[in-house]
Structures are given as structure tokens and as C-alpha cells.
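Chain letters run A, B, ... following the sequence lines, proteins first, then strands; residues in each count from 1.
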Amino acid sequence: MNLAVEEAIPRMVGEGKAPSTVRFWHNSNTIVIGCFQSAKLEVNMQACKETGTEIVRRFTGGGAVYHDSGNLNYAISLPKGHRLVPDHNLQSVFQRLSEGAVEGLRRLGVKAEFQPVNDIQVDGKKVSGAAGSIRWNSVFHHGCILVGSDLSILGKVLNVPRVKLEDKHVASVQKRVTTVRDELGRDITTKEVRDAIVGGIESCYEVRLESGVLMKEEVRLAEELYQTKYSRLEWNLEP
Amino acid sequence: MERSADYKASGGKLVRIRLTEEAGHIRSVRITGDFFLIPEESVGKLEKMLEDTPLREQEIRLLVNRFYSATQAQGAGVTPDDFVKALLATREV
């Protein structure tokens with residue numbers, strides 16, 4: 001249902017029925033694959049079964065990410081033409097709309113930097129990946145921050161082709177990622193990270209966020225998208 | 001004949017090609033990977049346009065360029081040249 005809500009919000013923002021929105025959420029054990037990825041090539045199905053990991057496809061491109069309760073997802077939905085991302089260039093959207101998260105992580109003491117195309121890294125290790133799109137008359141950007149995720153499962157459930165790791169000089173996906181917890185050397189809650197990201201977003205973009213709940217129409221659209229798309233094997237696992 | 005290639009684009013993204021070739025022509029092709037391309041539906045259009053195209057650089061480059069101008073597609077982490085090279089890489093495996 002979380003991925004259905006991800007799609008419902010920018011659709012409603014683009015129609016002018018919802019305000020610009022920042023959403024925070026997290027999933028239990030799930031692999032979320034990019035819309036162009038082949039589940040069969042990218043995911044170790046057997047390991048997913050053994051670890052109780054679900055597989056869901058999102059509507060944006062990019063690579064597979066592992067979600068568990070130790071990570072924090074944020075999503076920014078803006079109407080097309082918004083002052084923060086006026087030029088409709090996807091690479092600029094990634095850069096500009098990652099800045100709030102980068103600033104939030106820095107406030108916590110993590111030496112985070114945006115690394116094109118769509119990563120936030122600390123000393124060459126990825127702590128967050130982002131994806132996004134410009135469609136439905138909206139600009140959408142979402143990112144997944146590894147706060148205290150179980151990286152040992154990540155290495156088991158994702159098949160990362162050797163060619164992808166070659167220039168990173170590492171042998172596994174597990175060795176090229178890090179978590180906020182590991183960078184700080186202490187336990188940290190997703191709530192603490194969320195509060196820091198809110199502060200980062202407010203100062204970077206000179207906005208004031210107000211907490212709220214989904215509108216009825218957003219919930220209705222998300223339920224419809226879940227029934228017709230995100231709960232279906234043909235969307236999640238094909239091709 | 002089934003052909004495949006996993007090609008790492010200049011922007012670091014992976015383009016994975018799985019195609020069926022008959023008599024030097026692409027009969028069907030599936031393009032997957034962790035790249036970004038908007039509008040997202042345009043990848044299916046590119047796959048369709050490639051059907052019956054000779055698996056040769058000149059024809060593929062022409063077709064990929066035509067695809068970009070016809071769809072106004074915009075990529076991140078992948079360029080038109082990367083798609084051409086990924087398709088041609090299937091000949092090397």
C-alpha cells in the first residue's frame with residue numbers, strides 16, 4: 001500500500017487537489033525495485049522467501065533498494081513549475097531535492113554529500129538513494145535513507161551484477177553502503193533522523209512544514225492503485 | 001538466437017539487454033536496468049521500434065536518435081549513446 005500512496009500523492013498535487021507534500025514512511029522487509037528493472041535478474045527470489053522479504057515495484061526508475069524498519073523513506077511532491085525545480089530537468093531535480101536530506105544528515109553529524117546521479121554518500125559509501133519523475137503535472141522525488149538497516153540481508157536478497165561493482169573496487173553491495181547508525185557510531189531512531197530531515201528541508205528550501213494526514217481523496221486513489229496495480233504480480237514481478 | 005548484454009552506462013547506470021536475433025535482425029528486445037528515463041512508458045516504445053532493425057551500429061544509432069526526438073524522452077544516468085552501445089554489446093557475448 002505504501003507504494004500506492006507514493007503514486008497517489010503526486011497525482012493529486014499535479015491536479016491541484018493536494019498541497020506540495022513531504023511524506024515520511026517505512027516498510028517492513030521489502031525489496032523495492034525500479035520500474036525498468038527485471039525482478040528475475042535483480043532479486044534473489046529464494047533468499048526473499050527464506051527471509052520473508054516482499055518484492056514491490058515502484059513507478060520511478062533507478063535501482064533496487066532494501067527496506068526494513070531500520071530505514072526511512074521520504075518523498076517530495078511538488079506541482080510542475082514549482083520555484084524549487086523550475087527547469088524540468090530530472091538530474092537537477094535529484095540534486096536540488098536531495099539537498100534537504102543532505103543538510104538534515106549533516107545536522108546529525110554525518111558527512112553526507114550528494115553524488116550524481118542519485119545518491120547521497122559518506123566517504124564514497126551510499127547512505128541514501130533517490131529516484132523521481134516529472135509526470136502528472138508534478139515533480140516527484142523520493143529517497144530511502146539507511147538509518148540502521150540490516151545490511152546482511154541486503155547482500156543476500158539483491159543480485160548485483162559484477163559489472164556494476166567493478167569501478168567501485170568492492171566485491172559486494174554490502175561493502176559499498178553504510179548506515180546513519182554506523183557513521184555516527186551510536187543507535188539512532190528513524191524519528192530522530194526524520195526530525196533532522198524536516199529541519200534540513202525547512203532551512204534549505206525556506207519553507208515551513210506542517211504535519212498532517214492524507215486527504216480522503218488521496219486515500220481513495222491509493223486504494224484504487226493498490227487494487228489495480230501495486231498488489232498485482234504482473235506489475236511487481238514482470239518482466 | 002538469444003543474445004544478452006549487461007552494459008554499464010557512462011553515468012554509472014546499468015542497461016541490461018535481452019534480445020532475440022534472426023538473420024542479423026532484432027526480432028524482439030527487452031531493455032531493463034537501473035537507469036532513469038522519462039516518460040517511463042517510452043522504454044516500451046523504444047523496444048517496439050527496435051523490432052526488425054538490423055543489429056548494426058548505423059541503423060541502431062539512427063533509430064535510437066529518432067526515438068529520442070519523437071518521444072522527447074529525457075534520461076538521467078544514461079544517454080542515447082549508452083543504449084546504442086548496450087545493444088551492440090550483445091554481439092560480443
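- A:N73 pairs in a side chain to side chain donor-acceptor pair (under 3.5 Å) with only one of the listed residues (A:R23, A:H67, A:H26), which is A:H67.
- When the heavy atoms of residues 40-79 of chain B are compared with those of chain A, the residues falling under 4.5 Å are B:E40, B:E41, B:V43, B:Q74, B:A76, B:G77, listed by number.
- For a heavy-atom cut-off of 4.5 Å, chain A lies close to no residue in residues 21-28 of chain B.
- Both the backbone and the side chain of A:A131 come within contact range of chain B, judged by heavy atoms closer than 4.5 Å.
- Look at A:E224 and A:R220 and you find a salt bridge, because one of the NZ, NE, NH1 or NH2 atoms lies within 4.0 Å of a carboxylate O, short of that distance.
- Under 3.5 Å, the side chains of A:D68 and A:S28 contain no donor-acceptor pair of N or O atoms.
- Around CD of A:E15, the count of heavy atoms belonging to other residues, nucleotides or ligands within 6.0 Å exceeds 12.
- For the options A:G62, A:G61, A:G34, heavy-atom pairs under 4.5 Å to chain B are most numerous at A:G62.
- Interface remark: A:F94 contributes side-chain atoms only to the contact with chain B (heavy atom separation under 4.5 Å).
- When only modelled atom types and interatomic distance are considered, A:N118 and B:K13 share a side-chain donor-acceptor pair under 3.5 Å.
- A salt bridge does not link A:R57 to A:E238: none of the charged nitrogens lies less than 4.0 Å from a carboxylate oxygen.
- In this structure, the portion of B:I31 lying under 4.5 Å from any heavy atom of chain A is its backbone and not its side chain.
- To the nearest 0.5 Å, atoms CG (A:L225) and OG (A:S231) are separated by 10.5 Å.
- Side-chain contact, A:N236 with A:R58: no donor N or O sits under 3.5 Å from an acceptor N or O.
- Using a cut-off of 4.0 Å between Lys/Arg side-chain N and Asp/Glu carboxylate O, B:R18 and B:D6 are scored as salt-bridged.
- Interface residue A:L41: backbone and side-chain heavy atoms are both found under 4.5 Å from chain B.
- If you tally non-hydrogen atom pairs under 4.5 Å between each of A:Q91, A:H88, A:R135 and chain B, the highest count goes to A:R135.
- Between A:D119 and A:R176 there is a salt bridge, with a side-chain nitrogen of the basic residue lying less than 4.0 Å from a carboxylate oxygen of the acidic one.
- Here A:E218 does not pair with A:K17 in a salt bridge; the nearest charged N to carboxylate O distance is not below 4.0 Å.
- Using a 30° and 60° split on the angle between ring planes, A:W235 and A:Y230 fall in the perpendicular class, above 60°.
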